[in-house]
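Below is one structure, written out as structure tokens; comments come after it.
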Amino acid sequence: MRDAIGWGIVGFGWVARDFMAPAIQAAGHRLVAVCDPGPEARAAAADLGARGHADLAGLLAEPEVEAVYVATPNHLHRGAVEALAQAGKAILCEKPMAASLDDAEAMAAALARTGALYGTAFDQRHHPAHRLLRDEIRAGRVGTVTAIRIVYACWLDRGWTAIPGQQNWRIDQAQAGGGALMDLAPHGLDLTDFLLDEPILDVTALTQARAQDYAVDDGALLIGRTGSGVLASLHVAYNCPDALPRRRLEIAGTQGLLVARNTMGQEAGGSVTFTDGATGATVPLPFDGEASPFLEQVRAFGRSLRDPAGRDAWSAARDLHTMRLLDRAYAASPSHLPEQSRLPEQSPAAPAA
């Protein structure tokens, strides 16, 4: 079928295996090939009917691969994206865009030269609950929006790994570019832009290294303001036990409050409510609770690949702005708390990505 996209994946780790590969298949597309240096990862790809390559050159030579999902550690994004763009592949690259602003700017320049279709994988734009929130805001349900508040947290200790034998690169400064702020805040920054139809322009942040025994930040508070004056606050963390409430999104306005619980993340579901500012009455708002943000993202990217009119939904320039906000947030944050202020490590649990 013409609409069935042939996909490749670069970096066949946890998110690619558990979420992206199933989404490709559920969307009616085909996973053609995987590039990963690990033989175990290539064997897992073969179990799905995909060809495995130890290096990028092998995947680039696959004529059936039209779109490629890049899910390597952050510091490897630039090299993969530049090579894929030069080869004429469409690219969906995991967030953050890169481990550094310099790399992100080089990627944006390469994409501008080649004209390749590119999107950073901000899957939260595609969650049915968040699309409902945007529709409600546009319809004036909350009146004039005054603030957006996001909590997106998890527990990520030094030894966490979703795949046996795999290193926890998310806590390595050289590979990740930062900690909780670098990993989790991009979703909130981009989601604010999506929900409000305008980006955050002013930003500052405080980071902490409070509960975990590694060098990158394990928590951060980021505050921002859009051009029209909406205030945004993001609390992201690697130090929140997963049994606690840790995924909440609020949009406050002059006529009411929209609240989404447990919608941020890779999976479908969660809940959305509206509280009326005049009566205080709270009502649930229905949405498709079965479609995951990964599935909807794959569908949307495939439509844009087939129909050039839909390419405006993806923007390397917009994603570069998000990277600049992250860079400014880290620059604004004082040093982490001193070593002696850290608490004894608590019991671990599985993280969100």
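Keep in mind it's a predicted model, so treat the numbers as computed, not measured.
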[X]: what forms a ring-ring contact (aromatic ring centres under 6.0 Å, His included) with it, not counting sequence neighbours?
X    : result
F294 : F19
H321 : none
H77  : none

Please check this pair: side chain of [X] against backbone of [Y], looking for a donor-acceptor N/O pair closer than 3.5 Å.
X    : Y    : value
E66  : G6   : yes
R51  : V34  : no
H130 : Q124 : yes
H53  : D55  : no
T146 : A252 : yes
T204 : A332 : no
Y330 : L325 : no

Distance-only polar pair, side chains of [X] and [Y], donor-acceptor under 3.5 Å:
X    : Y    : result
N74  : E94  : no
D217 : Y238 : no
E198 : S228 : yes

Requested in this report: Evaluate side chain to side chain contact (heavy atoms under 4.5 Å, CB included) for V68 paired with V10, printing each intermediate quantity in order.
Outcome: CA-CA 7 Å; V68 179; V10 181; 3.6 Å; yes
**Partner of L285 by side chain to side chain contact (heavy atoms under 4.5 Å, CB included), out of T273, L258, L133** =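 Result for side chain to side chain contact (heavy atoms under 4.5 Å, CB included) with L285: L258.
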Q.
For the CD atom on Q255, are there more than 12 heavy atoms of other groups (residues, nucleotides or ligands in this structure) within a distance under 6.0 Å?
A.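 Yes, CD of Q255 has more than 12 neighbouring heavy atoms, counting only those of other groups under 6.0 Å.
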Does [X] pair with [Y] as a salt bridge, N-O distance under 4.0 Å?
X    : Y    : value
R210 : D218 : no
D213 : R158 : yes
E105 : R324 : yes
E40  : R42  : no
R30  : E64  : yes
R78  : D102 : no

| task | Please assess R247 against Y152 for the test side chain to side chain contact (heavy atoms under 4.5 Å, CB included), listing each intermediate value before the final yes or no. | result | CA-CA 5 Å; R247 296 178 178 178; Y152 190 30; 3.9 Å; yes
The residue among D319, D183, D123 that forms salt bridge (charged side-chain N to carboxylate O under 4.0 Å, His left out) with K95 is D183
Next on the checklist: Using side chain to side chain contact (heavy atoms under 4.5 Å, CB included), reason through I200 and R225 one step at a time and then give a plain yes or no.
Outcome noted: CA-CA 5 Å; I200 291 172; R225 184 173 55 199; 5.9 Å; no
Where does the angle between the aromatic ring planes of W160 and W14 fall among parallel (under 30°), tilted (30 to 60°) and perpendicular (over 60°)?
perpendicular
